[in-house]
Structure formats: structure tokens, C-alpha cells
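Side chains included, hydrogens not; waters and symmetry mates left out as well; all remaining heavy atoms used. None of the values given here were measured: they were computed from a predicted structure.
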Amino acid sequence: METGLEAMAGKIRWRLIVPAILFMLLSSIDRVNVSFAALQMNADLGFTPSQYGFGAGILFVGFLAGQYPSVLLQQRIGMRRWMAICALLWGICAGGMAFIETHWQFYTLRVLLGLAEGGLAPGIVLYLSQFATERERATTFAMPMIAIPLSIVIGGPLSGWLMSMDPPFGMAGWRWMFLGEALPTLVFGVAAYFYFPDRPGDAKWLDAKEKDWLSRNAANRRDTAQANDWSVLRRPLVWASALLWFCLLSGSYGVIFWLPQIVKQMTSLSPVEIGLVNALPWIGNIFGIYFNSKHSDRTGERFWHIAIPATVAALAILSAAAAGATPLGLLALLVAGTALGAAQGAFWALPTRMFTPATFAVGAVAINIAGSSGGLIVPHLVGLVREKTGAFTAPIWLIAGILLLAAVIVLILRRNDSTKAPA
């Protein structure tokens with residue numbers, strides 16, 4: 001049976017997890033490419049820095065508001081219809097950015113884009129939980145997360161290439177970039193309707209024994225007619241996990257939105273060189289997510305697989321800032337990204353252990369909303385600290401402190417582990 005489980009896990013990985021990574025990758029590129037468009041768009045449309053910054057960040061208002069409605073819709077209509085609707089909606093919004101003329105159009109499309117994409121991450125966690133066993137839990141939930149750092153590594157060169165082309169119809173480079181990156185989303189959105197099985201019983205590539213085994217052993221053996229149990233939100237461990245996810249994602253958001261400016265202030269590197277330095281932590285992030293989640297599944301240990309990497313990430317960020325643009329500083333930056341990915345990769349195996357089918361959707365979305373709110377709070381908070389101090393030293397300590405807080409929360413959760421009494 002052991003060999004059979006490994007074979008089944010391999011089929012799930014290639015048939016479902018890899019396609020999920022593709023959709024997460026497309027959504028992330030369509031969400032963050034605005035930072036590259038700003039190089040031309042702001043001047044063309046006369047956007048002030050505050051107008052651009054507000055429009056870039058307001059996406060998270062829609063992103064947070066859309067999570068519960070999106071996941072409830074997934075439960076009602078199934079994965080394939082839900083994924084197709086979400087992808088088509090965010091593809092239309094992302095492509096619509098190519099035609100904006102005013103800052104209010106910019107704000108509106110960013111909010112709508114956030115609404116369309118908001119439920120994607122928790123929805124994929126909920127969906128894959130029907131196919132994930134305890135042994136494969138961390139890897140199954142972590143693999144789609146690889147799409148986020150991967151989108152930063154490849155999204156920059158892709159956006160730059162599209163913007164440097166000779167666009168058709170006399171379009172501006174930034175408008176062609178928005179349109180060109182939205183088109184694959186629309187194509188794959190249509191394909192999603194025909195590709196994804198709604199539940200294990202619908203997967204033609206699973207045999208009868210595998211379907212039966214998943215119906216009895218999957219992390220989320222959910223009857224779609226079963227009502228959600230909202231009482232799980234009264235459990236302190238849910239909110240402790242939510243705070244932990246907020247801290248881990250806040251570390252990422254602090255690096256994503258501010259690292260290029262930190263490098264620019266501390267060095268005399270060219271924009272191309274800054275882009276290469278900026279890619280370093282995200283290359284490491286991909287490896288950290290994958291290998292630490294695999295090791296967590298192999299050993300069955302969850303807590304130290306989060307606490308240790310979070311601590312290492314905090315110390316490495318401080319070391320990178322102290323060393324500057326030296327070989328040691330670049331190495332520390334790579335270590336920081338790898339450790340940060342490792343901590344995030346092992347995370348979802350921890351809170352999902354205390355959920356039952358009735359509480360899974362409610363708990364998972366609540367935790368993801370808390371984590372996503374880091375994108376609304378931390379970049380702005382870093383900016384305020386920088387304005388007050390005039391340098392990046394204090395913001396760097398702020399990011400490191402948040403990651404150290406994550407390690408403390410994990411150890412508190414470990415001390416009060418109550419997975420024998422699930423929600």
C-alpha cells in the first residue's frame with residue numbers, strides 16, 4: 001500500500017498541484033506587474049506618487065473582501081466552474097488596465113482585480129485538502145505557494161521584455177504589457193472549466209481504490225451539502241495561527257515592496273543590477289518552500305520547521321543589511337529568502353490539523369485574510385518608519401522583529417498543541 005500511496009501522491013502532484021501553481025503564477029503576475037508599468041504609466045497619465053501608491057495598495061481592500069464570498073462560491077459550484085469564473089474575471093480586470101485614462105479608473109480596476117483574486121489562495125488550499133493526506137499535507141499546501149516567488153523571478157524580465165517591444169496598434173509599452181500578460185489568464189480560465197475535477201470521485205485518473213482511500217483519509221473529507229461551522233472562529237488557536245501567518249507574510253511583503261529601494265539607497269548599482277539582487281531571495285524562497293515542506297512531511301514534525309526558519313530569516317535580513325552589497329551580504333540575502341520560504345512552506349500543515357470538514361473553509365479563510373492584511377499594513381508601516389527616521393535601518397529591524405515574533409508564536413502553539421481535539 002505504501003508504494004500505491006506514493007504513486008497516488010505523484011499523480012495528484014502532477015495533475016492538480018502543478019496546474020494550481022500555474023494559476024497562482026498567472027494571478028501573481030497580473031497583480032504585481034503594476035510596479036513595472038509605473039515606470040511609464042505614471043508619466044503618461046500624470047499620476048502622482050501618492051495616487052500610484054494608493055492604487056497599488058487598494059487592491060488588498062478587494063483582496064480581503066473577496067475571500068469568503070469566493071470560497072463559499074467554490075463550495076456551491078465546484079472547482080472547475082469556480083476557477084474558470086475567477087480566472088476570467090481577473091483576466092478581464094488585468095487586461096482592462098491597458099485602457100485606463102484616469103486615476104479613478106486605476107483604483108476601480110485594482111479593487112475589482114483584488115476581489116476576483118481574493119479567494120484563490122484559500123480556495124486552492126480547500127480544494128487540495130480533498131486530495132491531501134496527513135503525510136503529504138505540508139507539500140500539497142506549499143507547492144502552489146512557489147508561484148509567488150516564481151512570479152517575481154520571471155515576472156520582472158517578462159514585463160520588461162513586453163514593455164520594450166514595438167507594440168501593435170501604436171499602443172504604449174505599459175498598455176501592451178498589461179494586455180499581453182492578461183491574455184494567457186483568459187485562455188487558461190476557459191481550459192480550467194474542462195480540466196479540474198470537483199472532487200476525488202470525479203478524477204478519472206484515480207482508480208477506485210484510490211478514490212475510496214481518499215474518501216476515508218484525506219485531510220478534508222467534505223460533503224458539499226454540509227453546512228460550514230462558524231463556531232471555529234471562537235477558538236484562540238485559530239487566531240494565534242492567523243497572527244502567525246500575518247507575521248510570516250508581513251516579512252515577505254516588507255521585502256517585496258521595499259528591497260529594491262533599500263538596495264538603491266545602500267549601493268550605487270544600476271537598475272539591472274538591482275533587479276538581479278532583488279531576485280536572489282526569491283530564488284532561495286522557491287527552494288525553501290519545496291524542500292522544507294517535503295522534510296516536514298517526511299518527519300511529521302511541524303512546529304520547529306516553522307520556528308527555526310523564521311528565526312534564521314530574521315537574523316539573515318539583519319546580516320544582509322549590515323554587510324551591504326558585498327558577497328557576504330548577497331549570501332545573507334539568499335539565506336533570508338530561503339528561510340522565509342521554508343517557514344511559509346511548512347505553515348499550512350499546522351493549522352489544518354485542527355479543522356474538521358465543517359470548519360475547514362471558515363478557519364482557512366480567516367487565517368488567510370489575516371495573513372493577506374499584512375500587504376495592506378506592513379508596506380505602509382515600513383514607509384512611515386522610514387519617513388520618521390530618514391533611513392532603512394529601523395524598517396529592517398521592524399521586519400526582522402516581526403519574523404522573530406512569528407517564531408515565538410510557533411513555540412507557544414507547540415506548547416499548547418491540542419490537535420487531539422479538533423475544531
Is there a side-chain contact (heavy atoms from CB on, under 4.5 Å) between L249 and Q344 once you walk through the steps?
-> CA-CA 8 Å; L249 287 190; Q344 293 172 348; 3.9 Å; yes
Qualifying residues under side chain to side chain donor-acceptor pair (under 3.5 Å), relative to [X], sequence neighbours excluded:
X	result
N42	none
S372	Q67
S159	E181
R31	E117

Output every pair passing salt bridge (Lys or Arg N to Asp or Glu O under 4.0 Å) with a member in residues 60-77, not counting sequence neighbours, ordered by first then second residue.
-> none
Under the side-chain contact (heavy atoms from CB on, under 4.5 Å) criterion, do I146 and M143 qualify, and how do the steps go?
-> CA-CA 6 Å; I146 291 175; M143 288 285 282; 4.0 Å; yes
Salt-bridged, R199 to D202, with N to O below 4.0 Å?
-> yes
Side chains of [X] and [Y]: does their closest heavy-atom pair fall under 4.5 Å?
X	Y	value
Y195	R15	yes
W205	P197	yes
N33	L162	no
L334	F287	no
M171	L179	yes
P144	L128	yes
I85	Y193	no
C247	I409	yes

Could you label the plane-to-plane angle of the W174 and F178 rings as parallel, tilted or perpendicular, counting under 30° as parallel and over 60° as perpendicular?
-> perpendicular
Provide the closest heavy-atom pair for [X] versus [Y] in the form atom of the first, atom of the second, distance.
X	Y	answer
A366	A242	O-CB, 4.5 Å
G374	S250	CA-OG, 3.7 Å
M83	F196	CG-CE1, 4.1 Å
A364	W348	O-CH2, 3.5 Å
M145	G345	CE-N, 4.0 Å
F23	A192	CZ-CB, 3.6 Å

Filter on side-chain hydrogen bond (donor to acceptor under 3.5 Å, both in side chains), then keep only pairs touching [range], sequence neighbours left out; what's left?
range	answer
residues 84-100	D30-W90
residues 141-151	S28-S151
residues 94-108	E101-R175
residues 405-414	none

Polar side-chain atom of [X] near backbone of [Y] as donor-acceptor pair, under 3.5 Å:
X	Y	result
S296	S293	no
N285	T338	no
R302	L350	no
W282	L150	no
W176	P168	no

Criterion side-chain contact (heavy atoms from CB on, under 4.5 Å) on M8 and L214, from CA distance to verdict = CA-CA 10 Å; M8 181 182 67; L214 285 172; 3.9 Å; yes
Contacts of Y68 that satisfy ring-ring contact (aromatic ring centres under 6.0 Å, His included) - sequence neighbours left out | W230
Residues two or more places apart in sequence or in another chain: which of them pass ring-ring contact (aromatic ring centres under 6.0 Å, His included) with W397?
-> none
Verify side-chain contact (heavy atoms from CB on, under 4.5 Å) between L113 and F63, making sure each step is shown before the conclusion.
-> CA-CA 8 Å; L113 180 63; F63 198 77; over 6 Å; no
Table please: side-chain donor-acceptor pairs of residues 304-321 below 3.5 Å, with sequence neighbours left out.
unit_1: H305; atom_1: ND1; unit_2: E301; atom_2: O; d: 3.1
unit_1: H305; atom_1: ND1; unit_2: E301; atom_2: OE1; d: 2.7
unit_1: H305; atom_1: NE2; unit_2: H295; atom_2: ND1; d: 2.7
unit_1: T311; atom_1: OG1; unit_2: A307; atom_2: O; d: 3.0
unit_1: S319; atom_1: OG; unit_2: L315; atom_2: O; d: 2.9

